Amino acid sequence: MVVGDRIVRLVSLNGPGTGPLLSRVAANIGAAIDEVTAFWGISWSRDISVVATGSDEQFRAAAGGGPASQWVDIAAVTVVDRIDPVRRMVAGQRIVLAPGAANMSESALRIVLTHELFHYAARVDTAQDAPRWLTEGVADFVARPITPVPSDVVSRARVLPLDAELDAPGPQRSFAYDRAWWFARFVADTYGPAKLRELYVAACGVGHADLLTAAHDVLGTDSPRLLARWQQWLVR
């Protein structure tokens, strides 16, 4: 199917829910493309592939393998066969949907699509050793609607997440994603969405600096001031 100037390929790996799920993807992908383009710009792949899996086993295989526990609460993942950052080329990139995505509400499915589509758009500009928590936080910034930071978690949210927390299924992973999202929102609220994009490129792009150096270069602030403003933002 064609959406604007992009070609969207919808692939079913068979299963009772894959057809209806891909129909819903077709209905929501245009809005997801618009959200990603509004933040990231238009210079990303014109070809988009979305794969719907029919079983947990299919999803694990298509997502790259690993223990079943790793994927237990994951609705989708974006994978790629090969990246050439010098030539800015990506081969075999696709968004893979878990079978559980078929049970999502329309709004939740759109969030997942937008989140994964951001990874799709930014992949060629994202280093393999980029801080994953920041890549996930920015993806959530693009995808998730703004909601207040719950007051009962503020005291635990003052520390930035670690990549390792994203690998542990359950509440720890969910809270790490939330903290990454809140940090991205803080940067966008305080310095502007364009600065958040610049920070992503500086901290996550090929040849990237560490986060604090990138923040100094892009946001013009040092580590103590950045973290102090982040903590103030949480309780605003």
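Just so you know, these numbers come straight off a predicted model, no measurement behind them.
Residues Arg179 and Pro161 approach most closely at NH2-CA, 3.1 Å, considering heavy atoms. For the pair Ala127 and Gly205, the tightest heavy-atom approach, listed with the atom from each and the gap, is CB-O, 3.5 Å. Nearest heavy-atom pair, Ala102 versus Gly17, reported as atom, atom and distance to 0.1 Å: CB-O, 4.3 Å. Between Ala202 and Ala214, the closest heavy-atom pair is CB-CB, 3.8 Å. Residues Val218 and Lys195 approach most closely at O-NZ, 3.3 Å, considering heavy atoms. The shortest heavy-atom contact between Leu166 and Glu136 is CD1-CG, 4.0 Å.
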Exercise. Could you walk me through whether Asp125 and Val201 pass the side-chain contact (heavy atoms from CB on, under 4.5 Å) check?
Worked result: CA-CA 7 Å; Asp125 296 305; Val201 174; 5.5 Å; no
For this session: Please step through side-chain contact (heavy atoms from CB on, under 4.5 Å) for the pair Thr78 and Val96, ending with a clear verdict.
Result: CA-CA 6 Å; Thr78 300; Val96 182; over 6 Å; no
Exercise. After noting the C-alpha distance and the side-chain angles of Leu22 and Ser12, does the key distance pass the side-chain contact (heavy atoms from CB on, under 4.5 Å) rule?
Worked result: CA-CA 8 Å; Leu22 289 175; Ser12 170; 3.8 Å; yes
Exercise. When you look at Val154 and Val149, which way does the side-chain contact (heavy atoms from CB on, under 4.5 Å) test go after all the steps?
Worked result: CA-CA 7 Å; Val154 167; Val149 178; 4.1 Å; yes
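Ring-plane geometry between Tyr200 and Trp40 is classed as perpendicular, the angle between the planes exceeding 60 degrees on a 0 to 90 degree scale with a lower cut at 30.
Within the 4.5 Å cutoff, no side-chain heavy atoms of Val8 are placed close to those of Val2. Looking only at side-chain heavy atoms (C-beta outward), Ile83 and Thr126 stay at 4.5 Å or farther from each other. A heavy-atom distance below 4.5 Å is found between the side chains of Leu117 and Ile95.
Cation-pi contact between Arg185 and Trp233: absent, since separation from the ring centre below 6.0 Å together with deviation from the ring axis within 45° is not met. A cation-pi arrangement is absent between Arg158 and Trp230 under the rule of less than 6.0 angstrom and at most 45 degrees off the ring axis.
Using modelled atom types, one side-chain atom of Arg46 and one backbone atom of Trp44 make a donor-acceptor pair closer than 3.5 Å. No donor-acceptor distance shorter than 3.5 angstrom exists from the side chain of Ser174 to the backbone of Pro171, with no hydrogens or angles considered. Using a distance-only test at 3.5 Å, with no hydrogens or angles considered, a donor-acceptor pair links the side chain of Arg132 to the main chain of Asp163. Within the 3.5 Å criterion, the main-chain N or O of Asp47 finds no donor-acceptor partner in the side chain of Arg9. Side-chain N or O atoms of Gln58 include one that pairs as donor or acceptor with a backbone N or O of Leu13 at under 3.5 Å.
For the side chain to side chain contact (heavy atoms under 4.5 Å, CB included) test with Tyr191, the passing option among Leu199, Thr221, Leu196 is Thr221; the others fail.
Between Asp81 and Arg94 there is a salt bridge, since a side-chain N of the basic residue sits under 4.0 Å from a carboxylate O of the acidic one. Under a 4.0 Å N-O distance rule, the pair Arg173/Asp73 qualifies as a salt bridge. Contact check on Arg24 versus Glu106 returns a salt bridge, with a Lys/Arg side-chain nitrogen under 4.0 Å from an Asp/Glu carboxylate oxygen.
With values rounded to the nearest 0.5 angstrom, Leu219 atom CG is found 9.0 Å from Thr190 atom OG1. From Glu165, atom CD reaches atom CG of Leu160 across 10.0 Å, with rounding to the nearest 0.5 Å. Note: Asp178 CG to Asp140 CG = 7.5 Å, rounded to the nearest 0.5 Å. If you take CZ on Arg225 and NE2 on His216, they are separated by 9.5 Å, rounding to the nearest 0.5 Å. Residue Thr213 holds its OG1 atom at 11.5 Å from NE2 of His208, rounded to the nearest 0.5 Å. We find the CD1-CG distance between Ile29 and Leu113 to be 5.0 Å, quoted to the nearest 0.5 Å.
Crowding of Arg87 atom CZ: a count of heavy atoms from other residues, nucleotides or ligands under 6.0 Å not exceeding 12. Shown here is Arg82, whose CZ atom has no more than 12 heavy atoms of other residues, nucleotides or ligands within 6.0 Å. For CG of Leu162, the number of neighbouring non-hydrogen atoms (other residues, nucleotides, ligands) closer than 6.0 Å is greater than 12.
The aromatic ring centroids of Trp133 and Phe183 lie less than 6.0 Å from each other. Ring-centre distance between Phe141 and Phe39: below the 6.0 Å cut-off.
When only modelled atom types and interatomic distance are considered, Glu35 and Thr114 share no side-chain donor-acceptor pair under 3.5 Å. Judged by distance alone, the side chains of Thr37 and Asp34 never bring a donor and an acceptor atom under 3.5 Å apart.
By the rule that hydrophobic residues join a cluster once side-chain heavy atoms approach within less than 4.5 Å of another member, Val187 and Val36 end up as members of one cluster.
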